[in-house]
A.B. asks: 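This is the structure I want to talk about, given as structure tokens.
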Amino acid sequence: MRYVSTREGRQTVTASQAIIRGIAPDGGLYVPQQIPAVDGAFIRRLCGMDYRGRAVEVLGLYLEEFSRQELEDIAQASYGENFDDPAIAPLRFAAGAAYLELWHGPTSAFKDMALQIMPRLLTASLRKNGEERTVSILVATSGDTGKAALEGFRDVPGTRIMVFYPRDGVSQVQKLQMATQEGRNVNVVAVNGNFDDAQTGVKRIFADRAFAKELDGRGYFLSSANSINWGRLVPQIAYYFSAYCDMVTAGQIGLGQEVDFCVPTGNFGDILAGWYAKRMGLPVGRLICASNENNVLTDFIATGVYDKNRPFHLTSSPSMDILVSSNLERLLYCLTEDADRVRGYMEALSAQGRYDVGGQLAEAVRREFTGGYCRDEDGKEEIGRLWREAGYLADTHTAVASRVLRDLREKEGTVRPTVVVSTASPFKFGGAVLQALGAHTGETGPGLVDELAALTGVAAPKPLSGLGQRPVRFERWVEKEDMEQAVSEFLS
Ligand SMILES: *Cc1c(COP(=O)(O)O)cnc(C)c1O
């Protein structure tokens with residue numbers, strides 16, 4: 001299978017090249033030239049497998065250069081003891097829905113589903129393309145991605161990773177998670193500035209040719225673990241198949257019957273993986289795109305106009321506080337197969353902050369997606385209601401999806417079998433969850449984790465509950481002008 005850029009559409013690259021490059025030279029995103037099709041027998045076979053087996057089957061359809069054995073080894077290393085539930089991505093049934101918990105990995109958020117496996121796909125891709133230098137990942141983070149990338153790359157042979165975060169721009173729990181990071185190939189540095197300063201600094205380092213040449217002489221080259229990399233999207237397709245199989249084996253549906261998925265959405269990566277699964281032939285009914293108050297996607301689905309010129313809301317579901325959902329570009333290309341048109345939309349987005357796809361394409365999007373959003377206080381109310389009525393503890397992101405589904409069901413007066421994608425452990429956003437339960441005492445640090453556990457009797461994930469006791473390894477901070485020097489020291 002070959003991959004093309006959403007802004008060019010003709011030149012093809014292999015999967016490993018797409019994973020190495022991340023973004024296409026023309027600024028577009030890589031998509032598979034054809035979407036592989038599966039049949040009922042394939043799905044039935046998957047239902048008899050564990051999560052690793054399911055992932056190998058799905059990945060194999062997209063990554064033909066990787067041998068079966070290679071994918072099995074990668075899945076084994078990525079989805080094992082590092083997850084605190086042997087099912088890896090278990091389904092829990094509560095309040096008339098199934099919650100697909102994607103947060104049993106080392107950082108307690110769904111980014112682990114992709115970032116535990118992507119570093120291994122990347123290093124295997126580098127070998128396939130004859131690369132012998134050490135890949136050095138640079139990340140600027142506002143919180144979750146940096147920690148998930150650190151855990152994904154930690155001690156992966158042939159890699160180094162350095163994360164920059166804004167000194168006063170992340171929560172105390174997030175800061176501690178990164179400062180206590182383990183691994184021989186990792187480094188974490190705070191930047192005296194905000195997230196934009198950190199991100200601008202990293203971009204400047206990537207653009208510095210002389211620096212790249214110097215690193216090359218030392219046997220290193222720089223790369224990113226960006227969320228638009230195909231190597232981060234493809235592992236996510238697997239959990240839609242896995243959830244479907246678990247719905248069948250739990251007797252919630254018969255094989256072949258349709259299931260809806262309701263997905264808390266930010267960058268459109270998670271839900272797009274569900275769309276690929278549907279296109280491959282998984283019996284998915286509706287894909288419900290759930291947003292918080294930053295509801296640019298809800299409006300887009302309703303009108304066909306994407307407009308980021310609007311107030312930006314800081315909400316209690318910060319990983320969905322996004323006004324440019326990068327992965328939407330992939331959907332637009334797949335629905336139109338017209339790279340010139342997609343390039344036009346993206347140019348309009350960067351110039352005017354807005355584009356209009358027109359009636360026909362808007363209609364095509366609505367055939368595939370249902371949009372909905374919820375206000376911050378309604379999400380919090382949903383957390384309280386799920387806990388009181390079903391004894392289910394949800395985080396603030398999951399609660400957005402759960403609430404959007406509830407509103408939709410009320411409006412339609414019907415209940416269809418639905419999987420709500422649950423993207424973070426409630427303990428990761430303990431302050432907001434405690435507040436939603438009416439019990440917040442004003443604690444801001446790692447004590448929140450213990451407080452929530454004591455109040456609910458639900459056990460916190462180990463990496464979060466032990467946070468206060470772990471040795472701090474990284475305390476350094478630099479001025480934004482000195483970031484390159486810090487990289488140079490790390491890679492000396
Ligand atoms: C990243 C993230 C999301 C949004 O996922 P996208 O792929 O960006 O749409 C939702 N919830 C949590 C907890 C996340 O970390």
A.B. asks: Provide the full list of ring-ring contact (aromatic ring centres under 6.0 Å, His included) pairs with a residue in residues 445-473, sequence neighbours left out, each pair given once.
C.D. replies: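 Qualifying pairs: none.
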
A.B. asks: Excluding sequence neighbours, so at least two apart, what forms salt bridge (charged side-chain N to carboxylate O under 4.0 Å, His left out) with Arg68?
C.D. replies: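 Expected list: Glu57, Glu72.
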
A.B. asks: Indicate the atoms forming the closest heavy-atom contact of Ala225 with Arg232, along with that distance.
C.D. replies: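 Distance-wise, the nearest heavy atoms are O-NH1, 2.9 Å.
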
A.B. asks: Quick one: ring-ring contact (aromatic ring centres under 6.0 Å, His included) partners of Tyr165, sequence neighbours excluded?
C.D. replies: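 Scan of Tyr165 (ring-ring contact (aromatic ring centres under 6.0 Å, His included), adjacent residues dropped) gives none.
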
A.B. asks: Against Val404, only a single residue in Asn292, Ile288, Asp378 fulfils side-chain contact (heavy atoms from CB on, under 4.5 Å); can you say which?
C.D. replies: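 For Val404, the side-chain contact (heavy atoms from CB on, under 4.5 Å) check succeeds only for Ile288.
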
A.B. asks: Would you say the side chain of Met113 lies within less than 4.5 Å of the side chain of Pro235, judging by non-hydrogen atoms?
C.D. replies: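 With C-beta onward as the side chain, the pair stays apart.
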
A.B. asks: Between Asn295 and Arg310, does any side-chain donor sit less than 3.5 Å from a side-chain acceptor?
C.D. replies: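 Judged by distance alone, the side chains do pair up.
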
A.B. asks: Output all residues satisfying ring-ring contact (aromatic ring centres under 6.0 Å, His included) with Phe195, sequence neighbours left out; order by chain, then residue number.
C.D. replies: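 Listed in chain order: nothing, the list is empty.
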
A.B. asks: For Ser425 and Ser108, test the side chains for any donor-to-acceptor distance below 3.5 angstrom and give the result as yes or no.
C.D. replies: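 Side-chain D/A pair, Ser425 to Ser108: absent.
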
A.B. asks: Are Phe369 and Phe300, when compared by the centres of their aromatic rings, separated by less than 6.0 Å?
C.D. replies: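 Not close enough - the centres of the two rings lie 6.0 Å or further apart.
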
A.B. asks: Should Ile237 and Trp275 count as side-chain neighbours, where that means a heavy-atom distance under 4.5 Å?
C.D. replies: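 No; the side chains remain at least 4.5 Å from each other.
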
A.B. asks: List the steps and the verdict of side chain to side chain contact (heavy atoms under 4.5 Å, CB included) for Leu63 and Ile19.
C.D. replies: CA-CA 10 Å; Leu63 308 176; Ile19 291 170; 4.3 Å; yes

A.B. asks: Got a sec, which residues hit side-chain hydrogen bond (donor to acceptor under 3.5 Å, both in side chains) with Arg44, two or more places apart in sequence or on another chain?
C.D. replies: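 side-chain hydrogen bond (donor to acceptor under 3.5 Å, both in side chains) list for Arg44, sorted by chain: empty.
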
A.B. asks: Tell me, do Trp387 and Arg385 make a side-chain contact under 4.5 Å, heavy atoms counted?
C.D. replies: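 No. Closest side-chain heavy atoms not under 4.5 Å.
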
A.B. asks: How about Cys262 and Val421: do any of their side-chain heavy atoms sit closer than 4.5 Å?
C.D. replies: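 No, their side chains stay 4.5 Å or more apart.
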
A.B. asks: If we only count heavy atoms from C-beta on, is the Thr141 to Phe164 side-chain gap below 4.5 Å?
C.D. replies: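 Thr141 vs Phe164: side chains apart.
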
A.B. asks: Quiz question: by atom type and distance under 3.5 Å, do the side chains of Tyr79 and Asp112 form a donor-acceptor pair?
C.D. replies: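 Judged by distance alone, the side chains do not pair up.
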
A.B. asks: Tell me whether Glu182 is salt-bridged to Arg473, with the criterion being a basic N under 4.0 Å from an acidic carboxylate O.
C.D. replies: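 The answer is no: the pair does not qualify as a salt bridge.
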
A.B. asks: Is there a side chain to side chain donor-acceptor pair (under 3.5 Å) between His313 and Asn294? Walk through the geometry before answering.
C.D. replies: CA-CA 6 Å; His313 300 281; Asn294 296 294; 5.1 Å; no

A.B. asks: Can you find a side-chain donor-acceptor pair between Tyr240 and Asp270 that sits under 3.5 Å?
C.D. replies: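 Side chains of Tyr240 and Asp270: pair found under 3.5 Å.
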
A.B. asks: Is there a side-chain contact between Arg154 and Ile161 (heavy atoms, below 4.5 Å)?
C.D. replies: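 Not touching, per the 4.5 Å side-chain cut-off.
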
A.B. asks: In chain order, what residues pass the ring-ring contact (aromatic ring centres under 6.0 Å, His included) check against Phe429, with sequence neighbours excluded?
C.D. replies: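 Phe429 satisfies ring-ring contact (aromatic ring centres under 6.0 Å, His included) with His397 once adjacent residues are dropped.
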
A.B. asks: Please identify each residue that fulfils ring-ring contact (aromatic ring centres under 6.0 Å, His included) with Tyr392, with sequence neighbours left out.
C.D. replies: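 Scan of Tyr392 (ring-ring contact (aromatic ring centres under 6.0 Å, His included), adjacent residues dropped) gives Tyr99.
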
A.B. asks: Can you give me the closest heavy-atom contact between Val458 and Phe427, atom names plus distance?
C.D. replies: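 Shortest heavy-atom separation between Val458 and Phe427 comes out as O-CZ, 3.4 Å.
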
A.B. asks: Going by the rule side-chain hydrogen bond (donor to acceptor under 3.5 Å, both in side chains), which residues pair with Asn327 if we only count those two or more places apart in sequence or in a different chain?
C.D. replies: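 Listed in chain order: Arg330.
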
A.B. asks: Counting only heavy atoms from other residues, nucleotides and ligands, does the tally under 6.0 Å from OH of Tyr373 exceed 12?
C.D. replies: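 No - once you tally the heavy atoms of other residues, nucleotides and ligands closer than 6.0 Å, there are 12 at most.
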
A.B. asks: Test: side-chain hydrogen bond (donor to acceptor under 3.5 Å, both in side chains). Region: residues 251-263. Which pairs qualify, not counting sequence neighbours?
C.D. replies: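 Qualifying pairs, neighbours excluded: Asp260-Arg286, Asp260-Arg416.
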
A.B. asks: Any Lys/Arg nitrogen of Asp246 or Arg54 sitting under 4.0 Å from an Asp/Glu carboxylate oxygen of the other?
C.D. replies: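 The answer is yes: the pair qualifies as a salt bridge.
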
A.B. asks: For Asp73, enumerate each residue passing the salt bridge (charged side-chain N to carboxylate O under 4.0 Å, His left out) test, keeping only those at least two apart in sequence or located in another chain.
C.D. replies: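 Not a single residue meets the salt bridge (charged side-chain N to carboxylate O under 4.0 Å, His left out) criterion with Asp73.
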
A.B. asks: I'd like to know if the side chain of Ser78 and the backbone of Ile74 have a donor-acceptor N/O pair within less than 3.5 Å.
C.D. replies: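 Here the side-chain-to-backbone pair exists.
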
A.B. asks: Side chains of Glu329 and Thr6: donor-acceptor distance under 3.5 Å anywhere?
C.D. replies: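 The criterion, which ignores hydrogens and geometry beyond distance, is satisfied for Thr6 and Glu329.
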
A.B. asks: Would you find a donor on one side and an acceptor on the other, under 3.5 Å apart, between the side chain of Thr159 and the backbone of Val156?
C.D. replies: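 Confirmed, Thr159 side chain pairs with Val156 backbone.
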
A.B. asks: Give me each pair satisfying side-chain hydrogen bond (donor to acceptor under 3.5 Å, both in side chains) with a member in residues 452-472, each pair once, sequence neighbours excluded.
C.D. replies: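 Every pair satisfying side-chain hydrogen bond (donor to acceptor under 3.5 Å, both in side chains) with a residue in residues 452-472: there are none.
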
A.B. asks: When the ring planes of Tyr345 and Tyr355 are compared, do they come out parallel, tilted or perpendicular, using 30° and 60° as the limits?
C.D. replies: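 Answer is parallel, since the angle falls under 30°.
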
A.B. asks: To check you understand the geometry: which heavy-atom pair defines the closest contact between Ile301 and Cys289, and what is its length?
C.D. replies: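 It is CD1-CB, 3.8 Å.
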
A.B. asks: Could you check if a side-chain atom of Phe474 sits within less than 4.5 angstrom of a side-chain atom of Val189, using non-hydrogen atoms only?
C.D. replies: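 Side-chain contact under 4.5 Å: no.
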
A.B. asks: Using the test salt bridge (charged side-chain N to carboxylate O under 4.0 Å, His left out), find all partners of Lys428 that sit at least two apart in sequence or belong to another chain.
C.D. replies: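 Testing Lys428 for salt bridge (charged side-chain N to carboxylate O under 4.0 Å, His left out), a comparison that skips the adjacent residues, returns Asp144.
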
A.B. asks: Run the salt-bridge test on Glu101 and Arg92 with the 4.0 Å N-O cut-off and return the result as yes or no.
C.D. replies: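 Judged by the 4.0 Å cut-off on N to carboxylate O distance, Glu101 and Arg92 do form a salt bridge.
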
A.B. asks: Determine, step by step, whether Trp103 and Ser422 satisfy the side chain to side chain donor-acceptor pair (under 3.5 Å) criterion, reporting the C-alpha distance in whole Å, the side-chain angles of both residues, the deciding distance to 0.1 Å, and the verdict.
C.D. replies: CA-CA 8 Å; Trp103 40 264; Ser422 173; 2.8 Å; yes

A.B. asks: Return yes if a side-chain donor-acceptor contact under 3.5 Å exists between Ser402 and Glu382, otherwise no.
C.D. replies: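 On atom types as modelled, these side chains qualify, holding a pair under 3.5 Å.
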
A.B. asks: Would you say the side chains of Asn267 and Ser325 form a donor-acceptor pair under 3.5 Å?
C.D. replies: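 No, because no side-chain N or O of Asn267 sits under 3.5 Å from a partner of the opposite role on Ser325.
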
A.B. asks: Looking only at heavy atoms, what is the nearest atom pair of Val365 and Leu331, with distance?
C.D. replies: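 What the structure gives for the nearest pair is CG2-CD2, 4.5 Å.
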
A.B. asks: Strictly by modelled atom types, are Gln174 and Lys147 linked by a side-chain donor-acceptor pair under 3.5 Å?
C.D. replies: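 Per modelled atom types, Gln174 and Lys147 side chains form no pair under 3.5 Å.
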
A.B. asks: Can you tell whether the side chains of Arg403 and Asp407 come within less than 4.0 Å, N to carboxylate O?
C.D. replies: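 Yes.
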
A.B. asks: Return the minimal non-hydrogen interatomic distance between Phe312 and Ile322, and the atom names on each side.
C.D. replies: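 Smallest heavy-atom distance, with atoms named: CE1-N, 4.2 Å.
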
A.B. asks: Locate the shortest heavy-atom distance separating Ala273 from Leu233; write the atom from each residue and the value.
C.D. replies: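 Smallest interatomic distance, heavy atoms only, reads CB-O, 4.2 Å.
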
A.B. asks: Is the closest side-chain heavy-atom distance between Trp230 and Tyr62 below 4.5 Å?
C.D. replies: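 They are in contact (side-chain heavy atoms under 4.5 Å apart), so the answer is yes.
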
A.B. asks: Would a distance-only check, ignoring hydrogens and angles, find a side-chain to backbone donor-acceptor pair under 3.5 Å from Ser316 to Thr396?
C.D. replies: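 Looks like no, no N/O pair under 3.5 Å.
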
A.B. asks: Please determine whether a side-chain nitrogen of the Lys or Arg among Glu377 and Lys380 lies less than 4.0 Å from a carboxylate oxygen of the Asp or Glu.
C.D. replies: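 No, this pair does not count.
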
